[in-house]
Amino acid sequence: MNQTVIGFDYGTKSIGVAVGQSITASASPLLALKAQDGIPNWDDIDKILKEWQPELVVVGLPLNMDGTEQDITQRAKKFANRISGRFGVKVVTQDERLTTADAKARLFELGGFKALTKGQVDAVSAVLIIESYFENQYGS
């Protein structure tokens, strides 16, 4: 059964968004939403969820390299809980260690330094969050 998955790379100024399909275990970057101190425009999130009708939302969980939580970890969890509560969709969190570095490397390969805009990095980070979720679910 194919599932549509929306991924969010949570940040206090920008939230990357990607869409994925479980049948291909792959994802594509959509956009980056502006956030004010970690709070998005909830209408923007609503539009994305209505357009894509995902069966699942995956929110990246920022952890320290040793796996411990940092201040933003709790904020990302709260963001995930709010999406679940507001929109009634199933939400899971996914360890996102190294996704920003990986996103920058992937974009650089595709387009050099000019490809490294903040919004693109955040959206590709959301792609990597979805893909790492699929890897954990289905094995690689």
Side-chain angles (χ1 to χ4, degrees):
M1 185 183 87
N2 187 35
Q3 279 192 316
T4 299
V5 177
I6 294 290
F8 290 103
D9 177 35
Y10 177 80
T12 57
K13 294 187 174 121
S14 176
I15 298 168
V17 186
V19 62
Q21 300 295 326
S22 62
I23 199 161
T24 57
S26 64
S28 303
L30 289 178
L31 73 159
L33 301 172
K34 293 213 177 310
Q36 295 289 327
D37 193 29
I39 299 167
N41 178 337
W42 290 106
D43 290 341
D44 292 340
I45 306 257
D46 187 44
K47 283 182 196 140
I48 291 164
L49 296 178
K50 280 189 171 135
E51 178 180 352
W52 292 98
Q53 299 285 308
E55 284 79 18
L56 181 68
V57 171
V58 181
V59 176
L61 202 58
L63 299 166
N64 292 315
M65 289 311 293
D66 65 1
T68 58
E69 294 191 355
Q70 47 188 318
D71 290 344
I72 194 150
T73 310
Q74 286 304 319
R75 296 182 74 172
K77 285 180 178 177
K78 192 172 179 183
F79 172 74
N81 289 337
R82 285 203 173 132
I83 290 175
S84 176
R86 269 179 196 245
F87 304 109
V89 293
K90 182 179 176 196
V91 180
V92 297
T93 56
Q94 174 65 39
D95 180 351
E96 67 164 45
R97 283 176 283 184
L98 300 177
T99 53
T100 301
D102 288 350
K104 286 179 180 172
R106 193 179 284 194
L107 281 166
F108 187 77
E109 285 170 20
L110 296 174
F113 282 114
K114 63 185 176 294
L116 295 177
T117 69
K118 176 78 173 117
Q120 287 171 310
V121 169
D122 291 339
V124 172
S125 291
V127 166
L128 297 171
I129 287 165
I130 292 174
E131 289 177 354
S132 63
Y133 169 78
F134 286 145
E135 282 170 22
N136 283 359
Q137 293 303 301
Y138 308 120
S140 30

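Quantities reported herein were computed from a predicted structural model and do not represent experimental measurements. Residue numbers count from 1 along this sequence.
Under the side chain to side chain donor-acceptor pair (under 3.5 Å) criterion, the residue pairs touching residues 32-43 are D37-R75, with sequence neighbours excluded.
What you find for I72 and G11 is that their closest heavy atoms are CD1-CA, 4.3 Å. Across all their heavy atoms, S132 and D95 have their closest contact at OG-O, 4.1 Å. Residues P29 and A18 come closest through the heavy atom pair CA-CB, 4.1 Å. Residues A76 and G60 share a closest heavy-atom pair of CB-O, 3.8 Å.
Sparse packing is recorded around CG of D71, with 12 or fewer heavy atoms of other residues, nucleotides or ligands lying under 6.0 Å away.
Using a 4.5 Å cut-off on side-chain heavy atoms (C-beta onward), W52 and V17 make no contact. The closest side-chain heavy-atom distance from E96 to D9 is below 4.5 Å. Residues L63 and E69 meet the side-chain proximity criterion, which asks for heavy atoms closer than 4.5 Å. At a threshold of 4.5 Å between non-hydrogen side-chain atoms, the residues T4 and V19 count as touching. A heavy-atom distance below 4.5 Å is found between the side chains of I48 and L33. Using a 4.5 Å cut-off on side-chain heavy atoms (C-beta onward), L61 and T73 make contact.
Separation of atoms CZ (F134) and CD (Q21) is listed at 7.5 Å; rounding is to 0.5 Å. A distance of 4.5 Å separates CG of N64 from CD of Q70, quoted to the nearest 0.5 Å. Rounded to the nearest 0.5 angstrom, Q3 CD and Q137 CD are separated by 8.5 Å. Rounding to the nearest 0.5 angstrom, the gap separating the CD atom in Q94 from the CD atom in E135 is 9.0 Å. Rounding to the nearest 0.5 angstrom, the gap separating the CD1 atom in I45 from the CZ atom in R86 is 9.0 Å. Atom-to-atom distance recorded for S22:OG and E55:CD is 7.5 Å, nearest 0.5 angstrom.
Ring geometry for Y10 versus F79: interplanar angle of 30 to 60°, hence tilted.
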Side chain to side chain contact (heavy atoms under 4.5 Å, CB included) assessment of V91 paired with N81: CA-CA 8 Å; V91 180; N81 289 337; over 6 Å; no

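At a threshold of 4.5 Å between side-chain heavy atoms, the hydrophobic network of Ile, Leu, Val, Met, Phe, Trp and Tyr places V127 and I130 in two separate groups.
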